[in-house]
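A quick write-up on the structure given underneath.
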Amino acid sequence: MKNEIIERLTSYVKVDTQSNENSETTPSTEGQLTLANMLVNELKTIGMAEVTIDENGYVMATLPANTDKEVPTIGFLAHVDTATDFTGKNVNPQVVENFDGNQIILNEEQNIILSPADFPELPQYKGHTLITTDGTTLLGADNKAGITEIMTAMAYLINHPEIKHGRIRVAFTPDEEIGRGPHKFDVEAFNAKFAYTVDGGPLGELEYESFNAASAKVTFKGKNVHPGTAKGKMVNSAKIAMEFNSKLPAEEAPEHTEGYEGFFHLSSIYGDVEETTLDYIIRDFDRDSFKKRKDLMQKITNELRLTYGETRVELEMTDQYYNMKDKIEPVKEIVDIAYEAMENLGIKPIVKPIRGGTDGSQLSYMGLPTPNIFTGGENFHGRFEYISVDNMLKSVETIVEIAKLYEAKA
């Protein structure tokens, strides 16, 4: 099965599926549709039923039940797009067999090295088969590893009919990385009672709490005048932008926070004297604290408007998703089943909050409670991304075990 996993993942990551937040189409990029159609063909080939793809690139399929018991329909989901943080074009995956626990030279020519000095968790993968980048792109294991694991688990169940299970639905969705994954997801058509995103990181991760999330775009309008005659006339938008950012708590940023701590993240800044824009994301696990963060952004905006004029500062703030804990806790048994599945396989479950979001964050509020389970990957979204094939196999086994437990408990 390890070779099957390697073959699937290395073929998927070679398709450029980076999403594009500036696109208004769904999916936002053509490459996502290319991979989605590949997956449709593969689902049919392995023997899945009711394989569909809609006009927005959402792929769904069914593994029919092979038991007479009344088992709730469960689903497994992964997203086809990869992150926009680093290039995902011309991905050239490298397979490292029997990793020796030391550094890996990703790119000798450019002296790009995956080193335990920078990534202290690396030696724990000694003896594993790893898949890495060549140092010039991201890998795309987020979330093509999840696709690989779901596909491999379904193929295994089809080839082992002695394993009893209820009806299982799978879906592969676009544009998760830009926050739009569930926007056109048809929950009614998916027709599952519960689901799991296979979109986590290292072995054992099990997550049912996510941030409350918002985006904020702050635009500052200035007035440019020749600097030699600017006294009393020039208004420098870039300096107003700097003043805005300075009023946010400096320690409440991603680089200073962990666990349940929220943050303001300045993700980009661009502009000049005439106009400057700051893009932020706002994150917090607690709904009241989340509101206070948004209120602070508005308060700073109002203060600067009083100083520089009403038209000098524009704030656009949009909620993106909410903490899925509120929707999953009433059906916490779905988390407990995943926990039990991992323990049955000798995997230590690591229950922790997602310092980010998955499609499950939004799907849970759309009526489909959806916690998140691990893929086995590390260092997502960059050139040092890698994944353990051994732990991918454990993810496949976890999916199969979850299916078995639902049937056994029915």
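As the structure is a prediction and not an experimental result, all values here were calculated from the model. Excluded from the calculations below are hydrogen atoms, water molecules and symmetry mates; all remaining heavy atoms, backbone and side chain alike, are included.
Formation of a donor-acceptor pair under 3.5 Å by the Asn56 side chain with backbone atoms of Tyr58 is not found in this model. With hydrogens and angles ignored, the 3.5 Å screen pairs a side-chain donor or acceptor of Ser23 with a backbone N or O of Ser28. Listed for the Glu274 side chain is a donor-acceptor partner under 3.5 Å among the backbone atoms of Asn224.
Minimum interatomic distance between Ser364 and Thr370 (heavy atoms only, all atoms of both residues): OG-N, 3.0 Å. Here the closest non-hydrogen pair linking Asn323 and Phe285 is ND2-O, 3.2 Å. Minimum heavy-atom separation, Glu121 to Gln124: O-CG, 2.9 Å. Closest approach of Ala403 and Ile74 over heavy atoms only: CA-CD1, 4.2 Å. Contact detail for Phe99 and Leu122: the closest heavy-atom pair is CE2-O, 3.4 Å. The two residues Val51 and Ala61 make their nearest non-hydrogen contact at CG2-CB, 3.9 Å.
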Given Ile347 and Leu203, is the side chain to side chain contact (heavy atoms under 4.5 Å, CB included) satisfied, shown in steps?
CA-CA 8 Å; Ile347 300 167; Leu203 177 69; 3.9 Å; yes

Please step through salt bridge (Lys or Arg N to Asp or Glu O under 4.0 Å) for the pair Asp336 and Lys332, ending with a clear verdict.
CA-CA 6 Å; Asp336 297 337; Lys332 179 101 176 334; 3.6 Å; yes

Side chain to side chain contact (heavy atoms under 4.5 Å, CB included) evaluation trace for His128 with Val389
CA-CA 7 Å; His128 287 222; Val389 177; over 6 Å; no

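A donor-acceptor contact under 3.5 angstrom links the side chains of Asp175 and Gln32, judged on distance only. There is no side-chain donor-acceptor pair under 3.5 Å between Thr219 and Glu314. Donor-acceptor pairing under 3.5 Å is lacking for the side chains of Ser115 and Gln103. Counting only N and O atoms by type, the side chains of Asp142 and His79 include a donor and acceptor under 3.5 Å apart. If you check the side chains of Thr173 and Asp359, you find a donor sitting under 3.5 Å from an acceptor. With 3.5 Å as the limit, one finds a donor-acceptor pair spanning the side chains of Thr276 and Ser237.
A salt bridge does not link Glu97 to Lys2: none of the charged nitrogens lies less than 4.0 Å from a carboxylate oxygen. Salt bridge Lys394/Asp390: absent, no basic N to carboxylate O contact under 4.0 Å. Salt bridge Lys221/Glu275: present, at least one basic N to carboxylate O contact under 4.0 Å. Salt-bridge check for Lys409 with Glu340: passed, with a basic side-chain N closer than 4.0 Å to an acidic carboxylate O. A salt bridge links Arg293 to Glu252: one of the charged nitrogens lies within less than 4.0 Å of a carboxylate oxygen. The residues Lys294 and Asp319 are annotated as salt-bridged, a charged nitrogen and a carboxylate oxygen being separated by less than 4.0 angstrom. Checked for salt-bridge contact, Lys239 and Glu243 miss the test: no charged N lies under 4.0 Å from a carboxylate O. Here Glu207 pairs with Lys352 in a salt bridge; the nearest charged N to carboxylate O distance falls below 4.0 Å.
Ring geometry for Tyr386 against Tyr125 counts as perpendicular: the plane angle is over 60°, on a 0 to 90° scale with 30° as the lower cut.
Put simply, CZ on Arg383 and OG1 on Thr132 are 12.5 Å apart, with the number rounded to the nearest 0.5 Å. From Arg305, atom CZ reaches atom OG1 of Thr301 across 6.0 Å, with rounding to the nearest 0.5 Å. Within the model, atoms OH of Tyr156 and CG of Leu393 stand 9.5 Å from one another, a figure rounded to the nearest 0.5 Å. Atom-to-atom distance recorded for Glu149:CD and Asn143:CG is 8.5 Å, nearest 0.5 angstrom. Atoms OH and CG, from Tyr308 and Asn236 in turn, are 9.5 Å apart once rounded to the nearest 0.5 Å.
For the pairing with Asp81, the side-chain contact (heavy atoms from CB on, under 4.5 Å) check across Arg180, Lys144, Gln18, Glu176 returns one residue only, Glu176. Of the candidates Phe263, Tyr260, Tyr321, Tyr322, Phe263 is the only one forming a ring-ring contact (aromatic ring centres under 6.0 Å, His included) with Phe211. Evaluated for a side-chain contact (heavy atoms from CB on, under 4.5 Å) with Val80, the options Ile147, Thr34, Val15 yield exactly one hit, Ile147.
Side-chain rings of Tyr196 and Tyr208 stay apart, their centers remaining 6.0 Å or farther from each other.
In the displayed structure, Met1 atom CE is contacted under 6.0 Å by more than 12 heavy atoms of other residues, nucleotides or ligands.
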